[in-house]
Asks: 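Below is one structure. I have some questions about it.
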2 protein chains.
Amino acid sequence: MATKVEQTTKEKVKQTAQKLFREKGYAAVGMRELAKEVGIQAPSLYNHYKSKDDILREICMDMAAQFFTAFDAAIATEQKAGRQLRAVIRAHIGVVAANMDSAEVFFQEWIFLEQPALGKFKKMRLEYETKFRGILDKGIRKKEIKKVNTKLATFAIFSALNATYDFMRSTEKLSQEQMADELADLLLKGLKT
Amino acid sequence: MATKVEQTTKEKVKQTAQKLFREKGYAAVGMRELAKEVGIQAPSLYNHYKSKDDILREICMDMAAQFFTAFDAAIATEQKAGRQLRAVIRAHIGVVAANMDSAEVFFQEWIFLEQPALGKFKKMRLEYETKFRGILDKGIRKKEIKKVNTKLATFAIFSALNATYDFMRSTEKLSQEQMADELADLLLKGLKT
DNA sequence: TTGTTTTGCTAACAACTGTTAGTATATGGC
DNA sequence: GCCATATACTAACAGTTGTTAGCAAAACAA
């Protein structure tokens with residue numbers, strides 16, 4: 001028990017920023033608005049973060065770390081490409097479900113990062129894509145997966161995965177596991193009977 | 001011949017806005033910056049549009065109309081769900097390819113629309129989703145398509161389609177038709193051998 | 001020609017932006 | 001107790017925001 005008590009101001013700032021950045025976009029959220037929602041004055045935010053960009057950076061970098069960790073853990077549990085893909089999809093959705101606000105900020109608002117964080121972020125993003133694409137490439141070599149354009153397929157799959165937060169916020173409810181299985185089936189087996 | 005000559009200032013404003021809104025996000029683009037890129041002064045923009053929001057509204061509504069038209073035309077050419085789906089995917093990608101900047105603005109920046117345009121937009125979006133979902137539902141009834149959660153599948157397919165503009169801007173090049181076929185195959189037949 | 005509409009300009013507005021300086025109060029270690 | 005750190009505050013900054021007023025020149029209609 002006791003999972004939400006004892007939240008520091010800094011944590012509250014981060015959480016509120018995640019919510020507001022997602023709802024209105026980074027550029028459209030002012031420091032005064034953020035502060036008000038937290039229950040403090042704008043300048044007090046600077047006791048916890050160096051700048052507005054610093055808040056965004058922490059959100060994005062934390063999420064990146066989570067996605068990487070979950071990916072690596074998932075990939076290690078399986079050998080065959082199809083099963084690895086399924087595991088990665090499940091892991092990815094797990095992270096999104098556990099961080100509904102920040103996951104969306106991570107995917108949509110990272111463009112507002114300033115250098116050098118922006119460069120670092122792009123590099124990580126590319127690395128993640130490449131790792132993912134590697135599963136497909138390996139699967140094709142072992143003939144477990146059809147010969148497809150792996151770059152296009154990777155883009156498509158990522159986007160489909162990121163659709164999960166739209167779905168999670170919609171009226172229709174499904175468990176994380178059901179969503180992951182449905183999506184994995186769709187991507188692996190297709191729609192056709 | 002002669003397809004780009006004789007561009008009115010208003011057209012130039014719209015085109016420039018599409019480019020900037022896509023690159024930096026609606027909220028991060030100022031009227032002065034937009035005007036400078038067009039080659040006029042900021043207040044002169046108001047000779048062509050009533051407000052900043054008015055520009056965004058025109059971009060979004062024009063794209064919505066294009067997607068609807070292309071969708072309806074595509075759906076009319078086929079009977080079977082699988083083939084309809086393929087036709088719709090091809091049509092959708094065609095619209096994205098022909099409007100690479102505005103399509104992305106349409107998908108990402110519509111949140112900044114003000115009422116009543118925002119409400120109208122959401123309604124249209126829902127209508128599009130519902131129409132699309134209708135194809136899947138019909139296909140399932142006729143047993144041409146597997147029993148899936150059509151809402152989740154619709155979300156996933158839309159997202160995958162919107163990945164096309166990322167792909168189009170990446171290094172790897174594919175024709176519109178190849179992209180459409182690759183994606184349709186992926187979604188209909190799946191990745192598994 | 002005339003009058004009218006369109007399209008551009010400069011100057012300026014009130015509101016808002018992220019941020020800093022300087023200060024007071026509370027908190028925790030010794 | 002005392003000192004240091006952390007955290008909050010108010011006041012204010014320089015710059016930017018979307019937008020309006022008022023005016024001039026060009027374009028067009030008669």
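Hydrogens, waters and symmetry mates are skipped; everything else that's a heavy atom, side chains included, is used. Just so we're clear, the structure is a prediction, and the values are computed from it rather than from any experiment.
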Asks: Could you go through nucleotides 5-8 of chain D and list every protein N or O atom that sits under 3.5 Å from one of its N or O atoms, giving the distance for each pair?
Replies:
residue : atom : partner : partner atom : Å
D/dA8   : OP1  : A/Thr9  : OG1          : 3.0
D/dA8   : OP2  : A/His48 : NE2          : 2.4
D/dA8   : N7   : A/Asn47 : ND2          : 2.7

Asks: Could you tell me if the side chain of B/Lys142 sits less than 4.5 Å from the side chain of B/Lys80, heavy atoms only?
Replies: no
Asks: Do the non-hydrogen side-chain atoms of A/Glu177 and A/Ile93 ever get within less than 4.5 Å of each other?
Replies: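 They are not in side-chain contact.
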Asks: Of all residues at least two apart in sequence or in a different chain, which pass the salt bridge (Lys or Arg N to Asp or Glu O under 4.0 Å) check with B/Asp137?
Replies: none
Asks: Under a cut-off of 3.5 Å for both distances of each Watson-Crick or G-U pair, what dot-bracket string does DNA chain C give, using [ ] for crossing pairs and | for inter-strand pairs?
Replies: ..||||||||||||||||||||||||||||
Asks: Are any of the side-chain heavy atoms of B/Phe67 and B/Val96 separated by less than 4.5 Å?
Replies: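 A side-chain contact under 4.5 Å exists here.
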Asks: Should A/Arg86 and A/Glu78 count as an ion pair when the cut-off is N to O under 4.0 Å?
Replies: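 Not counted as a salt bridge, because no side-chain N and carboxylate O are separated by less than 4.0 Å.
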Asks: Does the side chain of A/Phe21 reach to within under 4.5 Å of the side chain of A/Glu104, using non-hydrogen atoms?
Replies: no
Asks: Where does the chain B footprint on DNA chain C start and end, counting 5' to 3' with a 4.0 Å heavy-atom cut-off?
Replies: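 For DNA chain C, the relevant span reads C/dT7 to C/dA12.
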Asks: Which pairs pass ring pair (Phe, Tyr, Trp, His ring centres under 6.0 Å) with one or both residues in residues 120-149 of chain B, sequence neighbours excluded?
Replies: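 Those involving residues 120-149 of chain B are B/Phe68-B/Tyr128, B/Phe71-B/Tyr128, B/Phe106-B/Phe121, B/Trp110-B/Phe121, B/Tyr128-B/Phe158, B/Phe132-B/Phe158.
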Asks: Does the side chain of A/Val105 come within less than 4.5 Å of A/Met63's, by heavy atoms?
Replies: no
Asks: Heavy-atom contacts under 4.0 Å between residues 13-38 of chain A and DNA chain D, which residues?
Replies: A/Arg32
Asks: Does the distance from a Lys or Arg side-chain N to an Asp or Glu carboxylate O, for A/Arg133 and B/Glu172, drop under 4.0 Å?
Replies: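 Salt bridge flag = yes for B/Glu172 with A/Arg133.
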Asks: Between A/Ile157 and A/Leu183, is there a side-chain heavy-atom distance shorter than 4.5 Å?
Replies: no
Asks: Taking the side chain as every heavy atom from C-beta outward, state whether B/Leu187 and B/Ile89 have any atom pair closer than 4.5 Å.
Replies: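 SC-SC contact between B/Leu187 and B/Ile89 confirmed.
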Asks: I'd like to know if B/Asp62 and B/Lys14 make a salt bridge, using a cut-off of under 4.0 Å between side-chain N and carboxylate O.
Replies: yes
